A.B. asks: 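The structure follows.
What you see is a predicted model, and the numbers here were worked out from it, not measured in a lab. Every chain is numbered from 1, with letters handed out A, B, ... down the list of sequences.
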2 protein chains.
Amino acid sequence: MTKMSDVAKLAKVSTATVSRVLQKPDTVKEETKKKVLEAIKKLDYQPNILARNFRRLETKTILVVMPNILNNVFSEIVVGIDYEATKNGYQVILGNTMLEEQRAHGFMNHLKQKQVDGMILLTARVDIDDLVKVANEYPLVLVSDYLEESDLVTTVAINNMKDSYTITEHLINLGHKKIAHISGPLDMSICRDRLSGYQDALMDHDIHIQYDYLTKGDYSFQSGYDNTLNLLALQNPPTAIFAASDIMAMGAIKAVKSKGLQVPHDIAVVGFDDVEFSKIFEPALTTMAQPFFDMGKTAMQLLKQKIVGEQVQNQFIELKSELKTRESCGFNLK
Amino acid sequence: MTKMSDVAKLAKVSTATVSRVLQKPDTVKEETKKKVLEAIKKLDYQPNILARNFRRLETKTILVVMPNILNNVFSEIVVGIDYEATKNGYQVILGNTMLEEQRAHGFMNHLKQKQVDGMILLTARVDIDDLVKVANEYPLVLVSDYLEESDLVTTVAINNMKDSYTITEHLINLGHKKIAHISGPLDMSICRDRLSGYQDALMDHDIHIQYDYLTKGDYSFQSGYDNTLNLLALQNPPTAIFAASDIMAMGAIKAVKSKGLQVPHDIAVVGFDDVEFSKIFEPALTTMAQPFFDMGKTAMQLLKQKIVGEQVQNQFIELKSELKTRESCGFNLK
DNA sequence: CTGTTAGCGCCTTCAG
DNA sequence: CTGAAGGCGCTAACAG
């Protein structure tokens with residue numbers, strides 16, 4: 001491994017000068033610089049980044065913790081983070097917890113140990129006290145998911161309650177009154193909010209909330225499928241189903257079809273997220289499109305501010321979703 | 001930032017002892033160890049990993065370079081890598097090139113600069129000379145994709161030619177003679193091999209290869225769609241289409257449907273990969289299931305051997321795929 | 001079993 | 001504009 005002193009020797013300068021050529025080339029005389037650069041080239045010198053990181057106490061790396069790499073919702077956010085990070089000279093590394101809360105805390109240690117300059121969490125399913133503590137001491141941003149007390153940690157997310165209200169209202173406007181909901185895991189604020197938005201919309205339109213229409217899924221295709229089967233078996237089954245994620249909506253549609261019924265003809269289904277696949281699926285999903293790319297990008301911008309030390313107030317940044325009307329919920333029933 | 005010397009002072013021992021407690025606890029007397037651990041706890045001491053990495057010249061981190069984080073084929077391999085890496089105390093970081101070859105070389109620099117202990121590449125679309133050179137000097141394993149001369153770099157992959165032959169033969173056995181192919185990008189060995197396997201199968205069964213049945217896709221849904229539209233417009237359209245990836249197969253099916261035709265009734269379609277979604281898609285895809293998890297796991301095992309310095313011969317590890325017969329290619333035409 | 005010592009390679013004053 | 005010198009925090013001999 002050739003090191004800086006080798007370069008210095010060959011170029012007949014000091015290591016300080018080599019370092020300067022690398023860091024602040026403008027402060028070095030043209031001629032000297034040339035000598036040094038030649039030596040670097042000749043020796044194929046690569047600076048030892050480990051030593052540099054150690055010395056500088058920074059890594060130019062940020063860690064993104066995602067709960068499930070196989071869920072494209074998260075991958076799409078990562079693309080936005082990656083875009084903004086690369087633009088600013090940061091490297092992105094991904095931590096995948098596979099839904100194990102403990103692993104998320106392992107990753108937080110990396111932040112504490114300065115193995116990375118900052119961290120973006122795509123899940124709030126962690127020990128909250130620890131999270132808040134870490135977020136106050138180190139650069140950390142939460143995206144998509146959030147805490148009940150949303151101003152404890154800087155957060156970028158959509159307004160799940162409002163968006164959920166909107167999509168439910170869309171079904172109501174289409175003439176539906178018997179609308180069921182398949183929620184995500186209710187230990188997530190984000191899922192509770194989607195549930196609330198749904199309930200609020202019904203109430204505001206004087207529609208009675210029927211409790212056997214409220215089912216609990218876990219974001220998986222299978223849970224969308226199973227819950228729908230149960231809903232269809234009800235004495236008075238719903239005419240519309242609002243699933244809290246596209247994947248569950250797809251499961252719901254599969255279940256409807258399995259009973260020989262048609263979507264949207266016999267029953268309308270809407271999802272939430274607008275992952276890539278929702279357009280391809282048949283029928284194409286009517287869903288609430290989250291601004292994934294922007295969420296990632298915005299989160300990285302805030303994180304960078306924190307890293308470079310601008311005193312950023314903890315804040316909750318709300319981004320706008322967009323209702324995508326496609327085939328799965330059909331047209332006016334009235 | 002509290003450091004090791006602080007702990008040493010509080011525990012009234014030397015830093016060497018503190019270090020030993022952390023590294024080789026067995027070599028320290030029980031009593032001393034207790035004192036040190038107490039001091040660590042009291043001060044909430046976190047070792048400076050940057051310093052440690054620097055000192056040890058290792059990071060216990062491996063870098064996985066994937067061409068497209070949104071393509072689940074790669075994510076599924078990563079899960080296997082992650083599993084094996086975590087088991088062995090390695091951290092996985094992901095580099096996403098978004099199909100830009102240059103970025104892959106940027107990541108190789110990280111390896112050269114010892115920012116990571118090893119590297120797993122999920123694409124061979126890079127400068128080959130550079131790749132071979134790096135692979136000979138540093139721990140590197142290629143997965144899924146491979147070089148023309150496949151023994152230049154340690155590689156884990158399936159036998160694309162054989163698997164492609166198998167799935168083509170499956171169509172032939174079903175009675176098809178007019179079989180079209182939608183290939184992936186032909187600058188990838190993997191795609192050329194899939195094309196070859198297809199051609200070999202036809203030839204072995206004395207089926208004339210019709211050149212307007214050979215179309216070139218790029219792994220995208222859209223390219224599957226467009227190419228299929230072209231195939232259907234032929235004077236003598238095929239009765240079956242073999243797409244070199246599931247996503248393209250889905251595009252193909254969409255195109256068939258858009259013409260008012262049915263799959264598999266009017267035209268059979270098969271894919272390749274067996275991503276999660278292929279089961280959900282309608283009709284469910286007949287496809288060649290790659291052992292993604294095992295590929296990732298095996299690659300990580302080999303990489304670890306290289307990292308710890310076992311002289312591993314460059315080798316090509318071949319894993320077995322499995323034909324999944326589902327709905328999209330129907331039954332015997334005979 | 002424990003302490004002393006000597007760096008790892010780089011960056012950053014501080015002088016000149 | 002350049003060089004000398006010190007030290008970041010940790011670990012690995014080497015003694016004792």
A.B. asks: With no hydrogens and no angle check, just 3.5 Å: does a side-chain donor-acceptor pair link Asp130(A) and His105(A)?
C.D. replies: yes
A.B. asks: The side chain of Lys29(A) lies closest to which of these nucleotides: dT2(D), dT11(D), dG6(D)?
C.D. replies: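 The listed nucleotide nearest to Lys29(A)'s side chain is dT2(D).
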A.B. asks: In whole angstroms, how far is the C1' atom of dC10(C) from the NZ atom of Lys3(A)?
C.D. replies: 11 Å
A.B. asks: Is the ring pair Phe293(B)/Tyr83(B) parallel, tilted or perpendicular, if the boundaries are 30 and 60 degrees?
C.D. replies: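 It falls in the tilted class, 30° to 60°.
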A.B. asks: So does Asp82(B) pair up with Arg103(A), basic N to acidic O under 4.0 Å?
C.D. replies: yes
A.B. asks: Angle, rounded to 10°, between the helical axes spanning five pairs at each terminus of the helix from dC1(C)-dG16(D) to dG16(C)-dC1(D)?
C.D. replies: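 The angle separating the two end axes equals 30°.
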A.B. asks: Have a look at Asn88(B) and tell me which of Lys304(B), Gln301(B), Lys60(B) forms a side chain to side chain donor-acceptor pair (under 3.5 Å) with it.
C.D. replies: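 Answer to the side chain to side chain donor-acceptor pair (under 3.5 Å) test with Asn88(B) among Lys304(B), Gln301(B), Lys60(B): Lys304(B).
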A.B. asks: What is the distance, to the nearest angstrom, from the CD atom on Glu30(B) to the C1' atom on dC1(C)?
C.D. replies: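 So the CD-C1' distance, Glu30(B) to dC1(C), works out to 13 Å.
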A.B. asks: In whole angstrom, what separates Leu57(B)'s CG from dA12(D)'s P?
C.D. replies: 11 Å
A.B. asks: Taking side chain to side chain donor-acceptor pair (under 3.5 Å) as the criterion, tell me which of Lys306(B), Gln315(B), Gln305(B) meets it with Thr154(B).
C.D. replies: Lys306(B)
A.B. asks: Is it true that atom CD of Glu276(B) has more than 12 heavy atoms of other residues, nucleotides or ligands lying nearer than 6.0 Å?
C.D. replies: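 12 or below, so no.
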A.B. asks: Distance check needed: dT12(C) C1' versus Glu58(A) CD, whole Å only.
C.D. replies: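 About 14 Å, once rounded to whole Å.
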A.B. asks: Does Thr17(A) have a side-chain nitrogen or oxygen under 4.0 Å from the phosphate oxygens OP1 or OP2 of dG3(D)?
C.D. replies: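 Indeed, a polar side-chain atom of Thr17(A) lies that close.
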A.B. asks: Measure the distance from CZ on Arg56(B) to P on dA12(D) and round it to the nearest whole Å.
C.D. replies: 6 Å
A.B. asks: Describe the nucleic acid contact of Met4(A) in one word from base, sugar-phosphate, nothing, applying a heavy-atom distance below 4.0 Å.
C.D. replies: sugar-phosphate
A.B. asks: May I ask whether Phe54(B) stacks on the base of dC10(D), given the cut-offs of 5.5 Å between ring centres and 30° between planes?
C.D. replies: no
A.B. asks: With side-chain hydrogen bond (donor to acceptor under 3.5 Å, both in side chains) as the rule and sequence neighbours excluded, what pairs involving residues 33-54 of chain B come up?
C.D. replies: none
A.B. asks: Above 12 or not: heavy atoms from other molecules or residues under 6.0 Å from CD of Glu137(A)?
C.D. replies: yes
A.B. asks: Whole-Å distance between dT2(D) P and Asp26(A) CG?
C.D. replies: 13 Å
A.B. asks: Nearest to the side chain of Val28(A), heavy atoms from C-beta on, is which of dG7(C), dG3(D), dT2(D)?
C.D. replies: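 Minimum distance to the Val28(A) side chain belongs to dT2(D).
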A.B. asks: Map Ser19(A) and Ala16(B) onto DNA chain C by nearest heavy atom, then report which one ends up closer to the 5' terminus.
C.D. replies: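 Its nucleotide being nearer the 5' end, the pick is Ala16(B).
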A.B. asks: Counting side-chain heavy atoms from C-beta on, which of dG7(C), dG6(D), dG3(D) comes nearest to Arg55(A)?
C.D. replies: dG6(D)
A.B. asks: Could you tell me the separation between the CG atom of Asn53(A) and the P atom of dC10(C), rounded to a whole number of Å?
C.D. replies: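 The answer, rounded to whole Å, is 12 Å.
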A.B. asks: Using a 4.0 Å heavy-atom cut-off, does Val18(A) contact any base of the nucleic acid, only the sugar-phosphate backbone, or nothing at all?
C.D. replies: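 Answer is nothing: Val18(A) stays at 4.0 Å or more from every strand.
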A.B. asks: Any residue in residues 35-52 of chain B with a heavy atom nearer than 4.0 angstrom to DNA chain D? Just list them by number, or reply none.
C.D. replies: Tyr45(B), Pro47(B), Asn48(B), Ala51(B), Arg52(B)
A.B. asks: Are more than 12 heavy atoms, taken from residues, nucleotides or ligands other than Lys87(A), located less than 6.0 Å from that residue's NZ atom?
C.D. replies: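 For Lys87(A), atom NZ is crowded (more than 12 foreign heavy atoms under 6.0 Å).
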A.B. asks: As a test of reading the structure: which of dC8(C), dT12(C), dG3(D) is closest to the side chain of Arg20(A), going by heavy atoms?
C.D. replies: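 Of dC8(C), dT12(C), dG3(D), dG3(D) is nearest to the side chain of Arg20(A).
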A.B. asks: Do the side-chain N and O atoms of Tyr146(A) and Asn160(A) include a donor-acceptor pair separated by under 3.5 angstrom?
C.D. replies: yes
A.B. asks: Are Thr15(B) and dC10(D) close enough that a side-chain N or O sits under 4.0 Å from OP1 or OP2?
C.D. replies: no
A.B. asks: Calculate the interatomic distance between Leu22(A) atom CG and dC10(C) atom P; express it in whole Å.
C.D. replies: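 The distance from CG of Leu22(A) to P of dC10(C) comes to 9 Å, rounded to the nearest Å.
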